[in-house]
Protein chains: 4
Amino acid sequence: MPRGPHTRRNLLEATITVAAREGYARATTRAIADEAGVSEATIYRHFPDKLTLFAAAVGHQNADIDQALAALPERAGQGSVLENVRTCLHQLASMKEAVLPLELAMLIDPELAQARADRLAAAHELTGAPRHLADYLAAEQAIGRVRAGLDPHRAALVLLGTLFSAVVGGGPVIDDCADVLVHGLLAPVAR
Amino acid sequence: MPRGPHTRRNLLEATITVAAREGYARATTRAIADEAGVSEATIYRHFPDKLTLFAAAVGHQNADIDQALAALPERAGQGSVLENVRTCLHQLASMKEAVLPLELAMLIDPELAQARADRLAAAHELTGAPRHLADYLAAEQAIGRVRAGLDPHRAALVLLGTLFSAVVGGGPVIDDCADVLVHGLLAPVAR
Amino acid sequence: MPRGPHTRRNLLEATITVAAREGYARATTRAIADEAGVSEATIYRHFPDKLTLFAAAVGHQNADIDQALAALPERAGQGSVLENVRTCLHQLASMKEAVLPLELAMLIDPELAQARADRLAAAHELTGAPRHLADYLAAEQAIGRVRAGLDPHRAALVLLGTLFSAVVGGGPVIDDCADVLVHGLLAPVAR
Amino acid sequence: MPRGPHTRRNLLEATITVAAREGYARATTRAIADEAGVSEATIYRHFPDKLTLFAAAVGHQNADIDQALAALPERAGQGSVLENVRTCLHQLASMKEAVLPLELAMLIDPELAQARADRLAAAHELTGAPRHLADYLAAEQAIGRVRAGLDPHRAALVLLGTLFSAVVGGGPVIDDCADVLVHGLLAPVAR
DNA sequence: CATGAATGAGTGTTCATTCAT
DNA sequence: TATGAATGAACACTCATTCAT
């Protein structure tokens, strides 16, 4: 059995498991190595340092999330927009739950946050989950189910942004988010 | 000159300053004491431990935020809802910026998150900033500028929830949030 | 009401109380001040430092013990020697219990142990409890109830020495000590 | 060369050395690590905390003491009882000298003392040094050199108990202890 | 006489990381 | 490739002590 790649995956998943179960502060190299069933030194055979390991772990999990959303644009025109958005947010929330401690923690550190911001700014084009969501909204917009004035890219980012609080707030909050995001606050007469 | 209360305020503000400038991980007791111009031991004459200091610092800053929003309900009926929400979010974002590292960090730790969740669940009634925002939305709803089906309490929490991502994403994102939240995604014809 | 002397006694007794209840390591100036109902700074109005306070506390308690043993020599010739010794040891043990943590702790510190040894060596004559016990043994020796070869001074110190272990070992151990000390190990035929 | 076990022994002996030389209060992890020529962190790779290290150090030293006393029972009937007891006490005293600060310190802490008391109470049967001494006394009793009424187990504990004070009091005190313990206080006529 | 406030020096403990094997 | 052993630097926290009031 090829141990090399296996060990790498093992470490990525152990990182997410430990961070989700015990929190970022307790996601130490020792705890991760224990969870993966390897020695601490082994971590450094696969990753130059702890930060790189964490970044790789987040990327690993997000790859799954992106894949899960790939089919979303095809649903444009089917069901209701509210239903589609709600389902999408629930799905994302459950998948994000495990990586959230890691992602938030990386957001908290100024250096890392800066690095992340630079990377996002450099990529004018969206990729991954935001891309799929923006594509879905654009498709709905094309068939007139989403209002014309909306910028699909920006709206997608707003939707995803609510996830941070939705995951923290728990299930019911997600439905509230979907409702407000889809229908807005305004009364029809006021428009 | 009474130094006691002065030192306490000094420590609370030093905590927020350091956490905002250098990040949560580097907001050590040493750094905070240096910033406040006192010794580390002094921290422990005013707070039993670091966690309590952090919680007090968040509360201290949030008290200012709550106060700033107290006048919001009176603005119902004036200007446009979009303008009011946008202004409110901008104001909140700039004030929250400093406490965000602290609040996020406390969300990350499972113990603290649990404690926070219990406390929020126990308080059925909203207080502080959420309360003021909900009151504003209810007032707008009473005069027909916000749609009737909306639950003002829940909607207020959704709006505030977007702050987490808005602060992280930076200024322009806030306008996008306000736009989507106020107008929703749907095309008028689809309603 | 004269607070000065009262506060001093108060501190001495608080010191013994705290050390006996919570152990030497937890007999901090803070704990003692709390127990006495005064501020930490007050300690330093009455004693130059913590060590002096502890020494005074031991002396304070030992004064009571010495007084309790003053009547012992008069009991020579009455009852049995075993009974008298046993009673004496029990009485001492119960009184020493409170100061033992303090006395042992001072024995443990090399500097203090040296200081104590010098002081004891300088005082050829016994004083206090050892003195009374030696007097008692000498009196019994004079009337032929204690063997002639015994040095009352040294024997008194041996008896008192067993207290350290007796207090630690608990009640029943004291009777065993008295029995062995009084009767010895040897069979009559072997003498 | 296998460094693991070597480092462990090294730490145990450094602990005893430092505690004996500088006293319990100054037997800090830093001082012990320096004495052992390792870093403080190394201590925590071999022992979970300082207390466990100290307990292990006491056990380590006591193992040597137990071994030294193993041959004592065979000496029953040889020489005189006084000589045997005196020799035994001297030997124990010199070996105990190094661990005494540690053992006394553990006696002082209420928690530790309780734990020790429970452990001793649970072990009805004696082990180690007390066991060997009791065996010796029983053997002497069998051949009529120790008085019939004596309980060897309890007497052994009394003898060992004098060590606490004998070690503190120094060499000459040990002879006094042996004399009183062996011959008792009573005059022959009084028996 | 008493104290509230402050602190320098130090504590045990943890962590990410290195390196010889 | 994997690891057992080791560690420097840092951490939150405590203590006996001082001093202006």
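Chain letters run A, B, ... following the sequence lines, proteins first and then strands; every chain starts at 1.
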Counting any heavy atom closer than 4.0 Å, what does D:Thr28 reach on the DNA or RNA strands: base, sugar-phosphate only, or nothing? sugar-phosphate
Expressed as a whole number of angstroms, how long is the span from B:His46:NE2 to F:dC13:C1'? 16 Å
G-U wobble or Watson-Crick pairing nucleotide for E:dT7 (cut-off 3.5 Å, both distances): F:dA16
Nearest whole Å is fine: how far is E:dA9 P from D:Arg30 CZ? 13 Å
Nearest-nucleotide 5' precedence on DNA chain E, B:Gly37 against A:Ala27: B:Gly37
Going by heavy atoms closer than 4.0 Å, what residues in residues 48-56 of chain D are next to DNA chain F? none
What's the CD1-C1' distance between A:Ile43 and E:dT18, to the nearest Å? 14 Å
Using whole Å, report how far CZ of C:Phe47 lies from P of E:dC1. 13 Å
By the Watson-Crick or G-U definition, both distances under 3.5 Å, F:dT21 is matched with E:dA2
What nucleotide among E:dT14, E:dA20, F:dT18 has an atom nearest to a side-chain atom of C:Ala41? F:dT18
Counting side-chain heavy atoms from CB outward, which of F:dT7, E:dT13, E:dC19 is closest to D:Glu40? E:dT13
Starting from C1' on E:dT11, measure out to CD on D:Glu22 and report it in whole angstrom. 16 Å
